[in-house]
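Below is one structure, written out as structure tokens; comments come after it.
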2 protein chains.
Amino acid sequence: MLQVKDIPNAEIMQKFAARYPQTDIKSVITFLNLLRVGSDLSHGLNSYLAQFDLLQGRWWVLLLLMREDNLISTPSALAEKAGVSRATMTGLLDGLLREKLISRVHAKQDRRQIQIRLTSLGQAKLDEVMPGYYQRVNQLMQALTESETMHLMALLQKIYQQRHVFENKTVDIKNQ
Amino acid sequence: MLQVKDIPNAEIMQKFAARYPQTDIKSVITFLNLLRVGSDLSHGLNSYLAQFDLLQGRWWVLLLLMREDNLISTPSALAEKAGVSRATMTGLLDGLLREKLISRVHAKQDRRQIQIRLTSLGQAKLDEVMPGYYQRVNQLMQALTESETMHLMALLQKIYQQRHVFENKTVDIKNQ
DNA sequence: AGCTTATAATTAGCCGCCTTACTATGTCAA
DNA sequence: TTGACATAGTAAGGCGGCTAATTATAAGCT
């Protein structure tokens, strides 16, 4: 994701608003701040995970496996839950396999499927990573009081429900 | 960035909290929601830009150039402002050059430098992209009232100031 | 049974990001 | 002045995303 370091100042926003009159400066600034906080937290998380030779993709796979009662899942299910394509999941699993954090076993009942299991090495890796992760998340969220946190969640929910506005193609009014 | 599709439910959080006692469930859920909103908006923006053969990286470069009074900057300055490495900027500029949206000119005063200029084709591309972008941002932010927007900005600020918590290495108490 | 279609996983090849290492040029101080 | 260091840009190679195409297996029709 783009690292939105440099949110435009008022002067620059005015310049853009002059050329593009539909601009609502306050909306744009809020939007860019949301993007920036998200990307900064994401980069921060990555830099923490990198200390353990992990990045978000592979870490998330380990977590998804740990959620399962028997520590087993399949590539398609993992891809679906992680929100990546199955091809990408193949690559992530290759990496995890190289470090023996997971194992691949052919499924008996459906021979197209492969079972992915969290190994004890994989569990050990999570046991190394997670305490520091939780500690840092706590520290981060101590920026807000309990009621601020709840308020933030509510605001995020409202925005989240609108998240599809970008995905609609531009509509040509004449064709409606 | 990871597409955080699947925020763990209460039952699963309990399981993790049992193994990792430092877990504060509310903090983690809020954190994951922040990440999710950020990554969804980022993906949404990308899918909008993709209609115009752009992605965030190259689009942002065009914007940075348009901010300049004479439409000119250098690769290093752009890399700094966009928050990417200079090597990455070289790649982005290669792409933009291929489509003639920018031009490269050797600087006279410092022959290490290269001047990057937004071409009229580049400006035309922005004129195509920006109105729809602003329209969609407005639509998105209409999810919130004016006072909610200001409150959200304030909450994001507080979190943003804590963003470095992930970057500190884990401290070994014994060595302090 | 044999087709057709659907599904699971992988491969190949693209893109944008990274770090590391390199080349060219500039700067500064002994 | 020249040697050491700093800075600008690029190249090489890795990673984690993607889509499209491929292979194997399963399921459903007729």
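Values below: every heavy atom of this structure, side chains too, minus hydrogens, waters and symmetry copies.
- The side chain of B:R104 contributes an N or O atom lying less than 4.0 Å from OP1 or OP2 of D:dT10.
- Between B:F16 and B:V28, every side-chain heavy-atom pair lies at or beyond the 4.5 Å cut-off.
- Regarding A:E99, its CD atom lies at a distance of 12 Å from the C1' atom of D:dC15, rounded to whole Å.
- With rounding to whole Å, B:Q56 atom CD is found 18 Å from C:dC15 atom P.
- Atom OH of A:Y160 and atom CZ of B:R36 lie 4.0 Å apart (nearest 0.5 Å).
- The minimum heavy-atom distance linking B:L97 with B:S103 is given by the pair CD1-CA, 4.0 Å.
- Nearest-nucleotide assignment on DNA chain D puts the 5′-proximal partner with B:L93, out of A:R98 and B:L93.
- Between the C1' atom of D:dT10 and the CG atom of B:L78 lies a distance of 16 Å, rounded to the nearest Å.
- A:P131 approaches A:D127 most closely through the heavy-atom pair CD-O, 3.2 Å.
- In this structure, CD of A:Q113 is placed 13 Å from C1' of D:dA24, rounded to the nearest angstrom.
- Side-chain contact check for B:V105 versus B:R117: every heavy-atom pair is 4.5 Å or farther apart.
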Checklist entry - Step by step, would you call B:N138 with B:Q142 a side chain to side chain donor-acceptor pair (under 3.5 Å)? => result CA-CA 6 Å; B:N138 287 348; B:Q142 275 168 20; over 6 Å; no
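- With rounding to whole Å, B:I114 atom CD1 is found 10 Å from D:dA11 atom P.
- Residue B:K100 qualifies as open at atom NZ: its count of foreign heavy atoms under 6.0 Å is 12 or below.
- Rounded to an integer number of Å, the gap from CD of B:E80 to P of D:dT7 is 12 Å.
- B:D53 and B:R58 are not joined by a salt bridge, as no carboxylate oxygen comes within less than 4.0 angstrom of a charged side-chain nitrogen.
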Pull out every protein N or O sitting under 3.5 Å from an N or O of nucleotides 25-29 of chain C, one pair per line with the distance.
unit_1, atom_1, unit_2, atom_2, d
C:dT25, O2, B:R112, NH1, 3.3
C:dG26, OP1, B:R111, N, 3.1

Item to check | side chain to side chain contact (heavy atoms under 4.5 Å, CB included) between B:Y133 and A:Y20, intermediate numbers included | outcome: CA-CA 10 Å; B:Y133 163 70; A:Y20 307 115; over 6 Å; no
Please tabulate, one pair per line, each protein N/O and nucleotide N/O from nucleotides 18-21 of chain C that are separated by under 3.5 Å, including the distance.
unit_1, atom_1, unit_2, atom_2, d
C:dC18, OP2, B:S85, N, 3.1
C:dC18, OP2, B:S85, OG, 3.3
C:dC18, OP2, B:T88, OG1, 2.4

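- Distance from the side chain of B:L92 is smallest for C:dG16 among the nucleotides C:dT10, D:dG16, C:dG16.
- Note: NE2 (A:H106) to C1' (D:dT25) measures 12 Å, nearest angstrom.
- The interatomic distance linking A:W60 (CH2) with D:dG16 (P) rounds to 17 Å, in whole Å.
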